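Structure record follows, encoded as structure tokens.
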Amino acid sequence: MAGVEIRHLSKRFGQLHAVDDVDLSIREGEFLVLLGPSGCGKTTLLRMIAGLERPTAGEIHIGGAPPRARGIAMVFQSYALYPHRTVSRNISFPLEALGLPRAVIEQKVRWAAEMFSIARYLDRYPRQLSGGERQRVALCRALVRDPKVFLLDEPLANLDAKLRNTARDELKRFQRQVKRTVVYVTHDQVEAMGLGDRIVVMDRGKVRQVGTPHEVYEDPVDTFVATFLGQPPMNLVELQGALLGFRPEHFLPVAHFGANEALRTFPLSVRRVEYLGSDRYVYGSVGGAGATVIAKLPATVATEIAEGSDMEFAVPERALCYFDAATGARQRR
Amino acid sequence: MLLRRRHGGTATTVKRSLADRENVLGAALLAPALAYVLLLVGVPFVLAIVLSFSTATAGSLSFGWAGFANYRAILADPIFRRALANTAIVTIGSQVLVVVLATAAAQVFRAAFHGKRTARFVLLLPWAVPVSLAAIAWTWIFDSTFSVINWTLKVGGLLHGWLYWLGDPTLALVAIIIVQAWRIFPFATVIVLAGLSSIPQEVVEAAIVDGAGFWRRLFHVELPLLLPVVAVAVLFGVVYTATDLGVVYILTGGGPANTTHVLPTLAFQRGIQGADLGQGAAIAVFLLPFLIVVAIAMLRLARHTEVGTT
């Protein structure tokens, strides 16, 4: 087992700084998620760890080993199965490259296939499998040679929404079972929050914040992280030269809070109410400034809210974040 | 109900133009291609088969039924049997050379290097040069006195005697194979290049991460995926080479002593120059089973290895 040390890593494509001076230390056995919008450099960073992309500057250390003996396995977004090989020959490919004896290869393929319960597909070709089955074959091929680090590039992106939930659960169980370091790239915050031990939020080649899902959600370091995470994103309201941030789920009608809670109240002009079953989204503006804010009311808040009305909404003081209006950086108060 | 009747009414009153009548338009668009195939491929083809059973000669309009006499005559003829063998040797030899060279060249051209555009232009030149001109140039390259190959080998200290390229039956066949390979090579390279670029980049990268080196990637991932495309290139190459008259005709004329004839040159010699149309046609018809077998084999191979995208 090994962690990954990344120091001052940069990758330039012409004028574009795809990855810009990234320092990151990935701990042994942790599930680390690289999260960011498309083009933020997360995939380039992963490809450099894999050795598919040569860094412009900086260093990567994997368990202290040189790149050739990296001991990594990668699962691609398209799964990249070898279309002309059966499932079993797909899984055995990395072992053949290692030059293992056939008996050992067969035994390992069987072990890995049983782990992902795809043993009955071993003689089929990738084109005969469904998306979910292909994804498991790809994981199987990654697992079979017992790598130190797994690199996963949006492995769930090609699955339909229903399958994605089960696959996410399987993935997490698998990682707990094999106890290996996993670096996982996604742009889907639900995947990131649900899977990651820690999340690295990236934007324009730079790491914005590294932390547990709880930390990056509850304690964002700047407005980018604050608004990138959360569905709907954090509300930002300009107030006396600073930006005041609060999550939609903390923004509720005053009547809903207890009497002894410290509150910041806002008069909300309700523009529209969206009924979504488990939640209601209330769109409106505060302080007449016109900035749209969203309140996310769980079904348990039964207060009647009429479109076009003015209502008193509030946020608990503890849930407020302050940001610098110019730089977007968090201000601790 | 009312709506439907009204709709039907307008449909009949609006005049339909030719472009709206799909069966008429379809037939009209297909007609030129069909006429081409029937008149310029079908008719000569049938004519060749009919002639091969006749006593027809050039310069005469007489037509006598010969039965299998022409076929019996050529099958008993050692020159014909030699030409049949030569056709197979030249075709197979040149295509083996082409597949190896084109695969290697495609790997080179995939890499980025300085002057790639110029190199690609030069690569394609042999394809653009008319066969006759190229063959004439090659006769000088293989010339018994001025052969640049001989002079180069001599200066390099590799040759101690002298090679009479077009004067020795074996060397002449080698020369023909070289020229035929040279001619098909650019086309095959372009096809293999296209095939290489159709292999998903992620599959190749997966092989890299899986620890496969260059040769393992080439033989276990890229070449198997290229196989259908290479089969198409070979199919074209076989058809071009087996039916080619110009290269052999100009390079050796079938000589020395009728040892390097291939079916097209022999058919031309007997049928046109020798005026025995019947026998010439019979020789040419022998190309047919050869090419049919090759075409079926290649298409089957292509279908067999057809791969779905992941």
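In this text, all values refer to a predicted model and were calculated from it rather than measured experimentally. Below, chains carry the letters A, B, ... as their sequence lines are ordered, and counting in each starts from 1. Keep in mind that the numbers below use all heavy atoms, side chains included, and drop hydrogens, waters and symmetry copies.
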With only heavy atoms counted, which part of Gln128(A) is less than 4.5 Å from chain B, the side chain, the backbone, both or neither?
neither
Does NZ or CZ of Arg124(A) fall inside the cone over Tyr121(A)'s six-membered ring, less than 6.0 Å from its centre and within 45° of the axis?
no
Do NZ/NE/NH1/NH2 and the carboxylate oxygens of Asp197(A) and Arg27(A) come within less than 4.0 Å?
no
Give the member of Arg145(A), Gln77(A), Met74(A) that has the highest number of heavy-atom pairs under 4.5 Å with chain B.
Arg145(A)
Please lay out, stage by stage, how Arg110(A) and Gln107(A) fare under the test side-chain hydrogen bond (donor to acceptor under 3.5 Å, both in side chains).
CA-CA 5 Å; Arg110(A) 199 136 277 284; Gln107(A) 181 215 331; over 6 Å; no
With Glu30(A), which of Arg198(A), Lys179(A), Arg176(A), Arg180(A) fulfils salt bridge (Lys or Arg N to Asp or Glu O under 4.0 Å)?
Arg198(A)
In terms of the angle between their ring planes, are Phe116(A) and Phe174(A) parallel, tilted or perpendicular, with boundaries placed at 30° and 60°?
tilted
Please output the residues of residues 205-220 of chain B in contact with chain A, using a heavy-atom cutoff of under 4.5 Å, in numerical order.
Glu205(B), Ala206(B), Ala207(B), Ile208(B), Val209(B), Asp210(B), Gly211(B), Ala212(B), Arg216(B), His220(B)
Take atom CZ of Arg81(B) as the centre, draw a 6.0 Å sphere, and report whether it contains more than 12 heavy atoms from other residues, nucleotides or ligands.
yes
Name the orientation class of the two ring planes belonging to Tyr240(B) and Phe187(B) (parallel below 30°, tilted from 30 to 60°, perpendicular beyond 60°).
perpendicular
